[in-house]
Amino acid sequence: MQKIFMMTPHDFLNILSRAAILKTTPRHCYTQDNRRESVADHSWRTALMAMLLSGEPEFEDIDMDRVIRMCLIHDLGEAFTGDIPTFEKTASDARKEDILFGNWVASFPAAQRDEWQKLLNEMNKMETREAKTYKALDKLEAVVSHNESDISTWLPLEYDLQLTYGKENVQFSKYLTALSRCIDEWTKNKIKDSQRDAET
């Protein structure tokens, strides 16, 4: 009996090739070794954060596999538009990204198309704990990355943004609120150390 593929190897490779653009799509942030961070760097670690949370009692009743999938695909629209920092991104930019991403997903084989469209709809509605968890991790990973970068790469507005970014997104979770506070302490110490260094 001949096996029928739900997704041809050609389709599989086409999706991977488009996703690979994120490996070399730069974000605003720098890595610890002073390299521009890529969108793929960010998406991978956001997914890793979700995996790490899966053992926490607070998250036992949510589908963390779905959260990880959201984290992996959430910025794939930037394979078409590039990354635009949050403080520069307009509603028009967001709409354009959503349309291009949506059109690409609509071209997928049926099974993959249906799964991705359901995930994207859930992420956009932000009603489930899974969607809220993904969004909080997306924001927190960006703040962590900035703390890991050399402070000389920060823009002036980021000194305040580091302490406010994503705060509304963590409020639903005791664990993520505590994590955010811990990151804040790191941020404050980083700023304090840089000011001390500047004075010496």
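Worth knowing before you read on, the calculation uses all heavy atoms, side chains too, and leaves out hydrogens, waters and symmetry mates.
- The neighbour count for M51 CE, taken as heavy atoms of other residues, nucleotides or ligands under 6.0 Å away, does not exceed 12.
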>> Between Q32 and S149, is the side chain to side chain donor-acceptor pair (under 3.5 Å) condition met? List the steps.
In response: CA-CA 5 Å; Q32 289 167 302; S149 67; over 6 Å; no
> Hey, mind stepping through T46 and D138 against side chain to side chain donor-acceptor pair (under 3.5 Å) and telling me if it holds?
Replying inline: CA-CA 6 Å; T46 304; D138 176 33; 4.8 Å; no
Do any side-chain atoms of residues 84-92 form donor-acceptor pairs under 3.5 angstrom with protein atoms, and if so which ones, sequence neighbours left out?
unit_1 : atom_1 : unit_2 : atom_2 : d
K89    : NZ     : E97    : OE1    : 2.7
T90    : OG1    : S92    : N      : 3.4
T90    : OG1    : D93    : N      : 3.0
T90    : OG1    : D93    : OD2    : 3.0

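- Listed by first and then second residue, the side-chain hydrogen bond (donor to acceptor under 3.5 Å, both in side chains) pairs that reach into residues 190-199 are D193-R196, sequence neighbours excluded.
- Side-chain contact between S180 and V170 is present, with at least one heavy-atom pair separated by less than 4.5 Å.
- Looking at residues two or more places apart in sequence or on another chain, you find a salt bridge (Lys or Arg N to Asp or Glu O under 4.0 Å) between D61 and R129.
- Annotation: the span from E127 atom CD to K125 atom NZ amounts to 6.0 Å, rounded to 0.5 Å.
- Within the structure, every pair that satisfies the salt bridge (Lys or Arg N to Asp or Glu O under 4.0 Å) test and touches residues 149-169, not counting sequence neighbours, is listed here: K167-D184.
- Side chains of Q171 and T177: no donor on one and acceptor on the other come within 3.5 Å.
- The 12-atom threshold is not exceeded at OH of Y175, counting heavy atoms of other residues, nucleotides or ligands nearer than 6.0 Å.
- The structure places CE of M123 at 4.0 Å from OH of Y134, a figure rounded to the nearest 0.5 Å.
- Cluster membership for Y30 and Y165, using ILVMFWY side-chain heavy atoms within less than 4.5 angstrom, is not shared.
- Hydrophobic clustering (ILVMFWY, side-chain heavy atoms < 4.5 Å, transitive): L100 and L16 are in one cluster.
- Using modelled atom types, no side-chain atom of H146 and backbone atom of V143 make a donor-acceptor pair closer than 3.5 Å.
- Under the salt bridge (Lys or Arg N to Asp or Glu O under 4.0 Å) criterion, the residue pairs touching residues 37-49 are R27-E37, R35-D41, R45-E141, R45-E148, with sequence neighbours excluded.
- The distance between the ring centers of H42 and H28 does not fall below 6.0 angstrom.
- Side-chain heavy atoms closer than 4.5 Å link hydrophobic residues (I, L, V, M, F, W, Y) into clusters, and following such links, even through other members, never connects L76 to I21.
- Both F59 and L179 are assigned to one and the same hydrophobic cluster, defined by single-linkage of ILVMFWY side chains at heavy-atom distances under 4.5 Å.
- Of all heavy-atom pairs between P109 and M7, the closest is CG-CG, 3.8 Å.
- L137 places a side-chain heavy atom less than 4.5 Å from the side chain of L53.
- A distance of 10.0 Å separates OG in S54 from CG in D65, rounded to the nearest 0.5 Å.
- If you chain together hydrophobic residues whose side chains sit under 4.5 Å apart, F172 and I62 fall into the same group.
- Rounding to the nearest 0.5 angstrom, the gap separating the CG atom in D75 from the OG1 atom in T25 is 10.0 Å.
- Residue A136 comes nearest to L176 through the heavy atom pair CB-CD1, 3.7 Å, listed as atom of the first residue, atom of the second, then distance.
- With a 4.5 Å cut-off between side-chain heavy atoms of Ile, Leu, Val, Met, Phe, Trp and Tyr, the cluster of Y159 takes in I151, W154, I191.
- When the side-chain hydrogen bond (donor to acceptor under 3.5 Å, both in side chains) test is applied to Q117, no partner is found at least two apart in sequence or on another chain.
- Minimum interatomic distance between S43 and L72 (heavy atoms only, all atoms of both residues): CB-O, 4.3 Å.
- Listed by first then second residue, pairs satisfying salt bridge (Lys or Arg N to Asp or Glu O under 4.0 Å) with a partner in residues 6-25 number zero, not counting sequence neighbours.
- The CD1 atom of I73 sits 5.0 Å away from atom CZ of F101, with the distance rounded to the nearest 0.5 Å.
- Not counting sequence neighbours, D83 has no partner by the side-chain hydrogen bond (donor to acceptor under 3.5 Å, both in side chains) test.
- At least one side-chain heavy atom of M70 sits less than 4.5 Å from a side-chain heavy atom of E130.
- Legend: residues meeting side-chain hydrogen bond (donor to acceptor under 3.5 Å, both in side chains) with N169, ordered by chain and number and at least two apart, are absent.
- For the atom pair S152 OG and N34 CG, the distance stands at 6.5 Å (nearest 0.5 Å).
- Legend: salt bridge (Lys or Arg N to Asp or Glu O under 4.0 Å) pairs involving residues 114-124, not counting sequence neighbours, sorted by first then second residue: R66-E122, R69-E115.
- In this structure, the side-chain hydrogen bond (donor to acceptor under 3.5 Å, both in side chains) partners of T31, at least two apart in sequence or on a different chain, are D33.
- Annotation: side chain of L48 is in contact with side chain of W44 (closest heavy-atom distance under 4.5 Å).
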